[in-house]
Amino acid sequence: AVTTLSSATDGPAEMSLSPTEAFRHIAHAHHEIYALYDIAQTMGVSLGVEDAMSVIANKLRPVVPYSACALFLFDESSDQLRCRFATGADTSVMRDLVIDGGQGAVGTVARFRRTVVNAHPSTDYAAAGSRHTTALQSSLISPLVFNDRLVGTLAVYHVARSFYGDQHRRLLERVCEQAAAVVHNSALFEQTREDSWTDPMTGLPNTRYMFLHLTRELARAGRGDAELTFMVLDLDGFKDINDTHGHGVGDRVLQLVATRLRTAIRPYDICARYAGDEFVVVLSGCGREEADSKRRELHDAIEDVQVEVTPGTAIGIRASIGAAVFPHDGTTYEHLLAAADARMYQHKNTRRTGRPPFAGRHTTGDDTAGFPVPIG
């Protein structure tokens, strides 16, 4: 029997098929159409790149099988593609790949905006400078283009040689047509969210992020019967620096202090710019004894900073620090802030009277180097 099938995607075609074969082709075409519709319906659900790509990767597997799937985002300023998402084989290796435009299969797809079929995945590892020996044998990589701008590339890999054919290429390109806008918007959302949590002057987290982080850490400390230290730091005489040497010097002071504080704390602790010349530090799992030592360390690190104001002339920086410990000095953000703020001003006033800061550790209420009785 001769049956004429009209493909909605590839145009009319005359094929000599038995009824069974014809129905099989129709079912397969319907399956593809439904799968593409399902992907389109779920793509706009998530906001972050990781979540959006998890949805896309899960929906993609039934129509374009893979052993690994990866998203490479294009950085126009550096002409590089960075792996932003990976799932399946070689995930930990892929996530570290950075490929120059025009290099490897991924870079070639980005440069010419054309799908590459069955290139060996090792070309991308080599282009990224990785010596990893992969079990993956074939790849299918398509460009993601939104509003005529390259967003990145979507790549699938398989352990079988020459696994992908023209049908896979066609389907992946259809998916990429829809995925490009989703990935673009997801990356834009993440950048906007990061900007909303970051102080543009210092690059530190801002007050909004600090509050979210502290709320989470206080809840965790409360559940685990743990301690937490909250510090408030204020730069002494910062207004005089701005008035005497200009705001450009003042900005450099803030940036240098931010760098010192960031490098002086553990990776899972945070330092945030609180307001003007004030900073806050949140140290998880940190009790009174350790907090007292850390406060001295931060104080010395800041006062070791020298800022050049004119060629050959530099000024030093002075800072006052107060600390409060959860749960001894309070169990809420407001109580800890009040206690740390009061001790910071005690420290500042002590320095003005000429007493050396941190001259010795005592336990009396008028000593700002130790931890007096709870405030408030």
Side-chain angles (χ1 to χ4, degrees), residues 47-50 189-236 238 250-305 317 319-345 347 371 375:
L47 289 175
V49 172
E50 191 82 17
F189 168 79
E190 288 190 343
Q191 185 61 52
T192 302
R193 182 177 60 184
E194 183 178 343
D195 290 344
S196 72
W197 287 346
T198 304
D199 172 57
M201 174 62 66
T202 62
L204 293 176
N206 58 18
T207 306
R208 179 174 177 235
Y209 181 85
M210 179 275 297
F211 181 75
L212 292 173
H213 175 81
L214 182 61
T215 300
R216 182 171 61 246
E217 291 304 303
L218 286 175
R220 180 179 295 142
R223 291 193 302 269
D225 194 26
E227 293 177 305
L228 175 148
T229 292
F230 182 85
M231 294 186 186
V232 175
L233 181 150
D234 182 78
L235 301 183
D236 299 337
F238 183 72
D251 291 347
R252 277 191 287 141
V253 167
L254 294 174
Q255 291 162 356
L256 286 170
V257 169
T259 300
R260 284 300 178 94
L261 292 173
R262 187 188 297 113
T263 56
I265 61 176
R266 300 168 298 187
Y268 49 86
D269 294 324
I270 72 160
C271 171
R273 187 182 179 192
Y274 185 62
D277 60 340
E278 286 189 316
F279 299 83
V280 296
V281 176
V282 180
L283 305 172
S284 302
C286 181
R288 289 189 171 188
E289 196 71 33
E290 185 182 355
D292 191 42
S293 174
K294 195 65 180 179
R295 188 165 59 108
R296 295 168 185 264
E297 179 186 337
L298 294 178
H299 174 268
D300 292 343
I302 293 169
E303 299 215 343
D304 189 48
V305 173
I317 302 171
S320 300
I321 307 177
V325 178
F326 170 91
H328 314 291
D329 297 319
T331 57
T332 67
Y333 162 73
E334 292 81 7
H335 288 155
L336 293 173
L337 175 62
D341 210 40
R343 289 171 183 161
M344 183 271 291
Y345 278 107
H347 182 203
F371 289 89
I375 297 173

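Owing to the predicted nature of the structure, the values given are computational and were not obtained by experimental measurement.
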Salt bridge [X]-[Y], side-chain N to carboxylate O under 4.0 Å:
X	Y	result
D329	R288	yes
D269	R262	no
D300	R296	no

What pair of heavy atoms forms the shortest contact from [X] to [Y], and how long is it?
X	Y	answer
L254	D277	CD2-CA, 4.1 Å
M231	A323	CG-CB, 3.9 Å
L218	T332	CD1-C, 4.2 Å
P327	A226	CD-O, 4.2 Å
F230	L336	CD2-O, 3.9 Å
V325	A291	CG2-CB, 4.4 Å

Is any side-chain heavy atom of [Y] closer than 4.5 Å to one of [X]?
X	Y	answer
V253	I317	yes
T198	Y209	no
E227	E290	no
L261	I302	yes
I265	V282	no

Exercise. Is there a donor in the side chain of S320 and an acceptor in the side chain of D234, or the other way round, less than 3.5 Å apart?
Worked result: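 Their side chains do not contain a donor-acceptor pair, so the 3.5 Å distance test is not met.
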For this session: Check the side chains of Q255 and T202 for a donor-acceptor pair under 3.5 angstrom, ignoring hydrogens and angles.
Result: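 Checked: T202/Q255 side chains show no N/O donor-acceptor pair below 3.5 Å.
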Between [atom1] of [X] and [atom2] of [Y], what distance do you get to the nearest 0.5 Å?
X	Y	atom1	atom2	answer
Y274	D341	OH	CG	7.0 Å
L214	F326	CG	CZ	9.5 Å
T215	M210	OG1	CE	8.5 Å
L256	D304	CG	CG	11.5 Å
L228	H328	CG	NE2	10.5 Å

For this session: Given side chain to side chain contact (heavy atoms under 4.5 Å, CB included), test T229 with V281 step by step and report yes or no.
Result: CA-CA 8 Å; T229 292; V281 176; over 6 Å; no
For this session: Would you sort out whether E278 and R273 count as a side chain to side chain contact (heavy atoms under 4.5 Å, CB included), showing the intermediate values?
Result: CA-CA 6 Å; E278 286 189 316; R273 187 182 179 192; over 6 Å; no
Exercise. Where does the angle between the aromatic ring planes of H299 and H347 fall among parallel (under 30°), tilted (30 to 60°) and perpendicular (over 60°)?
Worked result: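 Plane angle between 30° and 60°, so tilted.
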Exercise. Centres of the Y333 and F211 rings: under 6.0 Å?
Worked result: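 So the answer is yes for these two rings.
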For this session: Let me see the working for I270 and E217 under side chain to side chain contact (heavy atoms under 4.5 Å, CB included), right down to the final yes or no.
Result: CA-CA 11 Å; I270 72 160; E217 291 304 303; over 6 Å; no
Exercise. Passes side chain to side chain contact (heavy atoms under 4.5 Å, CB included), D251 versus M201? Steps please.
Worked result: CA-CA 7 Å; D251 291 347; M201 174 62 66; 3.4 Å; yes
